[in-house]
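Worksheet: the structure to be examined is printed underneath.
Order of the sequence lines sets the chain letters (A, B, ...), proteins ahead of strands, with each chain counted from 1. This one's a predicted model, so the numbers in the text were calculated from it and none came from an experiment. When reading the values below, keep in mind they use all heavy atoms of this one structure, side chains included, and skip hydrogens, waters and symmetry mates.
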There are 2 protein chains.
Amino acid sequence: MKLQQLRCIYEVVLNSFNISSAAKTMHTSQPGVSKQIQLLEEEIGVKIFQRHGKRLVGLTDPGAKVFESISEIIRESRNIKNITAEYENNNEGKFTIATTHTQARYKLPKVVETFVKKYPKINLNIHQGNPSQVTEQILKGEADVGIATETIGVNDKIFCIPCYSWNRSLVMPKGHPLEQEESITLQHLASYPLITYDYAFTGSTIVSKVFKEANVEPNIMLTAIDADVIKTYVNLDLGIGLIAEMAFDKEKDRDLIAKDVSHLFPVSTTFIGIRQDTFVRTFTCDFIRMFIPHMTDHELKIILQKRQI
Amino acid sequence: MKLQQLRCIYEVVLNSFNISSAAKTMHTSQPGVSKQIQLLEEEIGVKIFQRHGKRLVGLTDPGAKVFESISEIIRESRNIKNITAEYENNNEGKFTIATTHTQARYKLPKVVETFVKKYPKINLNIHQGNPSQVTEQILKGEADVGIATETIGVNDKIFCIPCYSWNRSLVMPKGHPLEQEESITLQHLASYPLITYDYAFTGSTIVSKVFKEANVEPNIMLTAIDADVIKTYVNLDLGIGLIAEMAFDKEKDRDLIAKDVSHLFPVSTTFIGIRQDTFVRTFTCDFIRMFIPHMTDHELKIILQKRQI
DNA sequence: TCGGTTTACGAGGATCGTAATAATA
DNA sequence: TATTATTACGATCCTCGTAAACCGA
């Protein structure tokens, strides 16, 4: 059993069972990957992949179990690279952030700008996804940190730090009847077509809960994964939009009106999460500090000490 | 980075930084191991081992961190072997039990006999150690199951099943003043030199607690790791012995008297533990069932389902 | 001097790439 | 037919073992 063979299997699975594609991401030849997989399967005496003729179509039953172990091994080998890179050279390496659209679009740019200036040699990646994908990526070690709202906190393998809280804003075209309304209620929202985040998305479960508890049935005409799309449809006068407050830009969204509705929904909190029992590089800590300015160095140190290095 | 290199480092650490000894356990040559370590250190650009001249004397700071990851990788690679062996051939493989002396000596033999008859091709190993070593071995995957009293339960990575409860017996030479005593008290125990298990050992912490709470100071003249040693010294009339009830054998210990003291100490419970998130082979489950006869198949099934396979 | 580690070196294997073949959708 | 997996094959690299040199206690 060789690490390279495990890597091959790992990449083939990640590339939807396409050996050619896996070979490309590994910068090696197709036959090489194919061969290594065969060699391992022969050695362990068990087929890892289900095949339709020559095509790989999935994992076998034992293959699925083996793949779990392989994922852990790949994660730990990445961890070793991180550890050694840290001791060898402080300012080189790869840094991957998994995050949701809202963060990537409205909160990260400023921080990333500072970060890139400070660590020009770091290869920065941002993986955008929904909260459960963010969690997944942290768990698998594919991302060094994850930023999302609430969902990442549930897993006890992830260490979470609250970053900031935010409220929701209602956006509508200029001249909309609600523009003059002093105190907006859930009933108001329910009486217009509503456009908001996809229900799998951050905080929206809170939104649906609020409606349900008030026994008000909203007329959700469209859900989107990002505020830009929502605002676009609001602009077309297809309904009113419910978005995160930071997603409204007074200057850029000149044609729209935003009204605070924090009295209707509880605040949401955004967390930054890292995987427990994983080595944390200096620049990762630094990134966290940049992202959470309200945190004092003292508080951060306590967290860092907990997480050793 | 190659698996073989990680294995070399792993074995060198386990062999107290002796490359020659590691090479022997790996059935390979000394220079080969040395070379592989050098190659890895060169590749990652960090020294794993502290050296005094040519001798390896310990892990460096980054080396210690890397070693943790290596241990995980080795554990997972063993796991892969278990999974595939299970699917390939049900009745071959290696089965390691980590346990304390009392279990190994008085409870295991009968079970092991049955087990070996049923699985003659399984390579059975018993690692004897103190409870914390047992826990360690389960965690590192060096043992498939661990049997000990109480201490293994504390770690949440270990899944524990209670096996049976036991009380303590007081052993003394024939003709000892306490032989005729109807109701033995802590004061009685304290008035003679006491010989019992090493304090780090199973249940003895309970014993010391009982004495402390009763504000009685026992006169502990000797502690041993196994009941045979204790009984030997009791035979020499050096004191009275406090041992697990199953450690007394009426026939073999003809020269001694055992008196139940369950009214003085709370019962202890022995647990069998396996590591969470690790593949469990059929024969391992079977062993557990043999060890816990009071458990019905139905109950075991529930446990097995939880632990998948 | 002895136990232990590294160097040197050569044989045997393994890996990887190209090219060709086979099979699937 | 086009995409994808396997076979074939050869060059290169790597691993491993023996022998020898080297170092420390």
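Atom CZ of residue R55(A) and atom CD1 of residue I19(A) lie 10.5 Å apart, to the nearest 0.5 angstrom. Residue E42(A) holds its CD atom at 8.5 Å from NZ of K47(A), rounded to the nearest 0.5 Å.
Protein atom CG of L40(B) is 11 Å distant from nucleotide atom P of dT15(D), rounded to whole Å. Rounded to whole angstrom, the span from the NZ atom of K24(A) across to the C1' atom of dT4(D) amounts to 11 Å. Between the P atom of dA5(D) and the CZ atom of F49(A) lies a distance of 10 Å, rounded to the nearest Å.
Using modelled atom types and a 3.5 Å distance limit, the side chains of N18(A) and S16(A) yield no donor-acceptor pair. Side-chain atoms of T60(A) and Q50(A) include no donor-acceptor pair closer than 3.5 Å. Side chain to side chain, T284(B) and D144(B) fail the donor-acceptor criterion of an N or O pair below 3.5 Å. Side-chain atoms of T278(A) and N79(A) include no donor-acceptor pair closer than 3.5 Å. Defined by atom type and a distance below 3.5 Å, a donor-acceptor pair is missing between the side-chain atoms of N125(A) and T96(A).
One finds a side-chain N or O of S34(A) lying less than 4.0 angstrom from the OP1 or OP2 phosphate oxygen of dT6(D).
Classified by interplanar angle (parallel below 30°, tilted 30° to 60°, perpendicular above 60°), the ring pair F67(B)/Y10(B) is parallel.
Residues F115(B) and Y119(B) bring their aromatic ring centres within 6.0 Å.
Between L39(A) and V57(A), the residue whose closest nucleotide on DNA chain C is further toward the 5' end is L39(A).
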- Task: Could you walk me through whether Y87(A) and D61(B) pass the side chain to side chain donor-acceptor pair (under 3.5 Å) test, one step at a time?
- Result: CA-CA 9 Å; Y87(A) 280 87; D61(B) 197 30; 3.1 Å; yes

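If you walk DNA chain C from 5' to 3' and mark each nucleotide with an atom closer than 4.0 Å to a heavy atom of chain A, the marks span dA14(C) to dA25(C).
Residues from residues 2-23 of chain B placing a heavy atom under 4.0 Å of any atom in DNA chain D, listed by number, are K2(B), Q4(B).
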Protein-nucleotides 18-25 of chain D N/O pairs closer than 3.5 Å?
none

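For the pair Q137(A) (side chain) and A98(A) (backbone), a donor-acceptor distance under 3.5 Å is absent.
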